[in-house]
Colleague: 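Could you have a look at this structure, given as structure tokens, before my questions?
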Amino acid sequence: MIRLVQVRMEYTRGVALDDVSFELRKGELCFLTGHSGAGKSTVMRLIHMAERPTSGEVRVSGYSSSTIRPREIAMLRRKIGFVFQDFRLLPDRSAAANVAFALEVTGTRRPAVIRSKVNRLLTHVGLAAKQMALPAELSGGEQQRVAIARALAHDPLVLLADEPTGNLDERATNGVFELIREINTAGTAVLFATHNLELVRRHPEIRVIELAHGRVVFDSANNGGD
Ligand code: ADP
Ligand code: MG
């Protein structure tokens with residue numbers, strides 16, 4: 001469903017990715033690890049088609065970075081959910097309004113449909129009782145749950161989670177990780193970028209791709225996981 005083929009990404013200041021190839025299958029869960037600056041966020045942006053590779057190809061759900069048109073990028077993004085380290089919620093809107101906003105921008109208009117879907121999504125992430133809270137009234141873990149509910153609003157095929165636990169303590173990290181794992185079990189593919197090696201080591205059953213200086217230095221799918 002997602003395939004990177006010999007992807008190279010150069011910025012004016014240097015090379016962010018060099019000869020990166022891997023495939024993420026439908027419904028798969030995979031960690032993307034590596035030190036800060038290794039290229040994890042660049043991989044995420046390329047899958048989101050926010051940028052195009054300098055050379056090589058990124059294929060996502062039938063679209064290719066070599067041929068995709070701007071109009072198609074909007075279509076593709078409806079199949080992708082994105083969560084970030086810093087949550088990126090609208091600070092002056094309630095949890096429910098943040099999720100509703102995502103539904104509205106993708107074309108859901110009927111208030112009753114929006115209300116029921118928002119309620120279902122926030123219940124799913126364990127926040128049924130806090131729908132009216134503003135982001136500042138929620139803990140970091142709760143804010144990330146709202147961001148996850150928002151990312152799931154349009155039923156994406158894949159969730160791109162870029163250091164989603166980077167601002168969270170251990171307990172909130174585990175809670176958010178377990179939620180993301182449940183979402184994956186329900187069928188959504190997940191690419192989970194993290195430099196939290198502790199979290200990765202605790203889950204040896206989950207595939208890991210490790211980047212260093214823009215190259216794939218390990219992929220447990222090709223190395224038997226040990
Ligand atoms: P990670 O997410 O693993 O910390 P990044 O993908 O953010 O790594 O960065 C990989 C490399 O690319 C770094 O050297 C970074 O400085 C560089 N880089 C990332 N984005 C840009 C950009 N927009 N312009 C220039 N260099 C960038
Ligand atoms: Mg990053």
Side-chain angles (χ1 to χ4, degrees), residues 2-24 28-60 65-66 68 70 73 76-77 80-89 140-141 143-148 150-151 156 158-170 172-174 176-177 179-181 183-184 189-203 206-223:
I2 293 176
R3 185 193 288 268
L4 278 73
V5 185
Q6 298 180 333
V7 167
R8 183 177 175 86
M9 190 66 189
E10 287 172 18
Y11 294 110
T12 42
R13 278 183 294 125
V15 177
L17 296 177
D18 181 19
D19 196 21
V20 169
S21 298
F22 68 82
E23 184 182 356
L24 189 77
E28 195 172 9
L29 168 60
C30 181
F31 283 124
L32 184 64
T33 67
H35 294 296
S36 176
K40 303 180 294 297
S41 296
T42 303
V43 166
M44 298 293 199
R45 284 198 302 275
L46 287 170
I47 293 171
H48 208 227
M49 304 267 181
E51 294 174 345
R52 307 223 181 181
T54 309
S55 65
E57 187 187 10
V58 180
R59 301 189 66 90
V60 185
S65 58
S66 308
I68 194 167
I73 291 178
L76 171 65
R77 288 188 179 161
I80 300 176
F82 222 125
V83 293
F84 304 92
Q85 177 167 347
D86 55 357
F87 321 133
R88 302 195 191 177
L89 300 173
Q143 289 182 59
Q144 192 60 292
R145 286 167 184 274
V146 176
I148 291 167
R150 178 182 60 183
V158 58
L159 182 65
L160 301 177
D162 193 355
E163 307 267 5
T165 61
N167 280 347
L168 304 180
D169 64 21
E170 196 185 332
T173 290
N174 291 334
V176 163
F177 173 74
L179 172 62
I180 287 178
R181 184 135 83 164
I183 288 163
N184 172 251
V190 178
L191 189 59
F192 190 118
T194 181
H195 60 251
N196 183 344
L197 291 182
E198 168 88 22
L199 180 68
V200 175
R201 285 198 197 104
R202 245 186 289 131
H203 298 282
I206 295 174
R207 180 179 172 196
V208 187
I209 297 172
E210 184 183 348
L211 292 173
H213 308 294
R215 291 179 147 262
V216 174
V217 294
F218 178 75
D219 182 345
S220 61
N222 302 332
N223 293 271

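We count ligands from 1, going down the list as the structure has it; atoms in each ligand are counted the same way.
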Colleague: Can you pull the side chain to side chain donor-acceptor pair (under 3.5 Å) pairs that have at least one residue in residues 30-41, sequence neighbours excluded?
Modeller: Ser41-Asp162
Colleague: Between the main-chain N or O of Arg3 and the side-chain N or O of Arg59, is there a donor-acceptor pair closer than 3.5 Å?
Modeller: no
Colleague: Nearest 0.5 Å please: distance from the CD1 atom of Ile209 over to the CG atom of Leu4.
Modeller: 8.5 Å
Colleague: Does Glu10 have any side-chain hydrogen bond (donor to acceptor under 3.5 Å, both in side chains) partners at least two apart in sequence or in another chain, and if so, which?
Modeller: Arg8
Colleague: In terms of relative ring orientation, are Phe31 and Phe192 parallel, tilted or perpendicular, with 30° and 60° separating the classes?
Modeller: perpendicular
Colleague: Can a donor-acceptor pair be found, under 3.5 Å and without considering hydrogens, that links the side chain of Glu51 to the backbone of Thr42?
Modeller: no
Colleague: For a distance under 2.8 Å, give residue and atom name for each protein N, O or S atom next to the Mg ion (ligand 2).
Modeller: Ser41 OG
Colleague: So which residues, sorted by chain and number, lie with a heavy atom under 4.0 Å of ligand 1?
Modeller: Tyr11, Arg13, Ala16, His35, Ser36, Gly37, Ala38, Gly39, Lys40, Ser41, Thr42, Arg45
Colleague: So, do Val216 and Leu211 sit near enough that their side-chain heavy atoms are less than 4.5 Å apart?
Modeller: yes
Colleague: Could you tell me whether Arg77 atom CZ has more than 12 heavy atoms of other residues or ligands within 6.0 Å of it?
Modeller: yes
Colleague: NE2 of His48: more than 12 outside heavy atoms within 6.0 angstrom?
Modeller: yes
